[in-house]
Number of protein chains: 2
Amino acid sequence: MSILNAIQEKLDSLHQKERALAEYLLNHPRQAVQMTITELAAQSGSSPATISRFCKTFHSHNFPEFKQKLATELVQMTSTPNQYQDIVAGNPLHEIVAAITANHLRSITDTTQVLDQAQLRLAIEALHHASRIDLYGSATSGIVAQDFFHKLIQIGKAAAAFSDPHLQLTSAASITRNDVAIGISYSGETPETIHALRCAAERGATTLSITRFGANTLTEHAAIKLFTSSAEVGMRRGDMASRMATLHVIDVLFTGLVSEHFELYVPRLRESYQTVELYTSGKEERKTK
Amino acid sequence: MSILNAIQEKLDSLHQKERALAEYLLNHPRQAVQMTITELAAQSGSSPATISRFCKTFHSHNFPEFKQKLATELVQMTSTPNQYQDIVAGNPLHEIVAAITANHLRSITDTTQVLDQAQLRLAIEALHHASRIDLYGSATSGIVAQDFFHKLIQIGKAAAAFSDPHLQLTSAASITRNDVAIGISYSGETPETIHALRCAAERGATTLSITRFGANTLTEHAAIKLFTSSAEVGMRRGDMASRMATLHVIDVLFTGLVSEHFELYVPRLRESYQTVELYTSGKEERKTK
DNA sequence: GTCGATCATGAAAATAGTTTTCTTGAAATT
DNA sequence: AATTTCAAGAAAACTATTTTCATGATCGAC
């Protein structure tokens, strides 16, 4: 946001009528962009001449151009995910909704920025050739791991998700070089996950880490490294944004895998859905109502 | 995108000069929005009069308004990935990434649109007063339920998530009127989840459903109804978008709850984090490396 | 195939919108 | 108090847009 910001900044240095105009613009920008210069003059208590001059001082060649720029700014303001918002005590509900929405959107777009196509391709091929896939993750990352597990078995991959540290190690202990081990940890510093992935690496499995962007211990044990965006403000409110980001990576990975080997996986995917439909028909249920 | 789309659609039914104008607009929309009507007339090979009339047929009152709308559209086109994208065979990887990103963003913004503040407020208060919270959900919805479970126990709520149908019923059978039961199902037609929520309702618990928008069986057994956006195209690719949407609702619910009763829940939240930190210190780990 | 009606189209007139000029008067400076 | 400076609006000049009107092309009817 540049014009409204600029106006805000210069507000003190403006003269009477310019000030009135500026204030009107700041308070009613959406109405302003719909008006003619004469209407705006009347509404803001200034005159067309003043407005015309005002526009030039804000780097627009003329009033229509100024209106356009302002309109564009307003659209971008509402349509692009903005700052990560922090949530504090007793915010009105609509602000909370807006803040969470903004955070999630931001989290996803930022993660997309950080996705490395080459690593992604490596990951996809590794998954494709894996005879078994182990997923390690604790707490929220454990849930993400389970989600990936659900997806992988839909396409007939031998996968398993472990959040129990003993089971993680138990499974890692029997992994082979034909298998893939995936360690998921937002911080990249969860000891249990690190142990398990390291063990898998030592046994020759292809290791893959999914962590926040930046250096961390988990990636050191991973041959393929995928990242989520790492910005997270305020207190860690249940890792909401990071969970969204990690799921986003998972989705890209899974969809990439399916798309890359369409003929193989899509029939399996379809079959898995049809089988579930068949045995748990919702229609049968509706009658019981 | 509505104007450019509309032009594209009507293209065949347009006359010579209108057609020329339409084609110019489709091919050079960004230049067009910077021109005066006379310039555009010259560039597109039509006349000001034709353009002025043309604008009216596309539901703009006058040419400047038309330009504004078009400009707004162009900004939105580039700043927010809009449509739900379907993923097909052998898409280049970057397109898959773009498509998934677009779908997730859309899914979240659409769900925000559909959130009912009043229902949300009811849900928050119900959760606050609940002495026990049961969560029912199968497959992907089971994962979402588990995520909510993780969050709730962080603030000391007696919660439990069930995806096993027998366990769902077992738990529902002992629920009381002081408790809250939450049924999660994207379709709203998962028989097991419906059974469990219905059972909870019959025993006098406050029931809450989270489903896609629109009529479905699960909501019939819920006193409080929350919805996610219901648009999902192509084959059900692992319910990715719907899972994001449902998690989004969960996050809003949880954050709303915490924010509404800040003094009570925030200390608990902090304590739960600190305790986890204390017993699984990442620093200790880094040395072992 | 000819006549008549319809209608797209642009020239130009009318109108609307914007900028510039010019003047005034208020504030600041000497 | 006189002079300068300059914000600011009235109004003129100018630009942009719409509407009117005349023309000629196209289409259908006979």
Side-chain angles (χ1 to χ4, degrees), chain A residues 3 6-74, chain B residues 3 6-74:
Chain A
I3 292 188
I7 294 177
Q8 182 72 55
E9 298 235 321
K10 279 206 177 179
L11 198 63
D12 291 334
S13 68
L14 293 176
H15 290 266
Q16 211 193 123
K17 300 287 163 165
E18 290 176 316
R19 168 74 98 350
L21 171 61
E23 275 166 0
Y24 186 85
L25 285 172
L26 290 173
N27 294 327
H28 315 276
R30 270 156 228 284
Q31 287 97 308
V33 296
Q34 314 241 65
M35 297 177 185
T36 68
I37 202 170
T38 332
E39 285 168 344
L40 181 57
Q43 290 296 320
S44 65
S46 62
S47 70
T50 306
I51 296 179
S52 184
R53 285 188 279 257
F54 181 92
C55 294
K56 300 222 171 95
T57 66
F58 283 95
H59 311 103
S60 290
H61 194 264
N62 50 35
F63 178 66
E65 187 184 315
F66 179 85
K67 267 203 306 195
Q68 265 246 36
K69 285 189 184 174
L70 191 56
T72 301
E73 231 176 73
L74 292 172
Chain B
I3 292 187
I7 294 177
Q8 181 73 56
E9 298 234 324
K10 279 207 179 178
L11 198 63
D12 291 334
S13 67
L14 293 176
H15 290 266
Q16 211 193 121
K17 299 287 164 166
E18 290 176 314
R19 168 75 99 348
L21 170 60
E23 274 166 1
Y24 186 85
L25 285 172
L26 290 173
N27 294 326
H28 314 277
R30 270 156 228 285
Q31 288 96 309
V33 296
Q34 313 243 66
M35 297 177 184
T36 69
I37 202 170
T38 333
E39 284 167 345
L40 181 57
Q43 289 296 320
S44 65
S46 61
S47 71
T50 305
I51 297 179
S52 183
R53 284 187 280 257
F54 182 91
C55 294
K56 299 220 171 96
T57 67
F58 283 94
H59 311 104
S60 289
H61 193 263
N62 50 35
F63 178 67
E65 187 184 315
F66 179 86
K67 266 201 307 193
Q68 265 245 38
K69 285 189 183 173
L70 191 56
T72 302
E73 230 177 72
L74 292 171

Send over the distance from A:L40 CG to D:dG9 P, rounded to a whole Å.
-> 13 Å
Between B:K56 and D:dT18, does any side-chain N or O lie under 4.0 Å from OP1 or OP2?
-> no
Any donor-acceptor pair under 3.5 Å linking the side chain of B:E23 with the backbone of B:A20?
-> no
Protein-nucleotide distance (B:F63, atom CZ; D:dT15, atom P), rounded to Å = 18 Å
Can you tell if the side chain of A:S60 reaches within under 4.5 Å of the side chain of A:K69, non-hydrogen atoms only?
-> yes
Taking atom P of D:dC14 as reference, at what distance in whole Å does atom NE2 of A:H61 sit?
-> 16 Å
If the plane angle is over 60° it's perpendicular, under 30° parallel, otherwise tilted; pick one for B:F63 and B:F66.
-> parallel
Where protein sits on nucleotides 6-11 of chain C, one letter per nucleotide: B base, S sugar-phosphate only, - none, heavy atoms under 4.0 Å | --SBBB
Which word best sums up how the rings of A:F58 and A:F54 line up, parallel for under 30°, tilted for 30 to 60°, or perpendicular for over 60°?
-> tilted
Would you confirm whether B:K67, through its side chain, and B:M35, through its main-chain N or O, come within 3.5 Å as a donor-acceptor pair?
-> yes
So, B:Q8 side chain and B:L26 main chain: donor-acceptor pair closer than 3.5 Å or not?
-> no
To the nearest Å, give me how far apart CE (A:M35) and P (C:dT18) are.
-> 12 Å
Whole angstrom value for the distance that separates P of D:dA16 from CD of A:E65 = 13 Å
Nearest-Å distance, CD1 (A:I37) to P (D:dT17)?
-> 14 Å
Find the distance B:F66:CZ to D:dT18:P and express it as a whole number of Å.
-> 11 Å
Could you state the CG-P distance from A:L21 to D:dA7, rounded to the nearest angstrom?
-> 15 Å
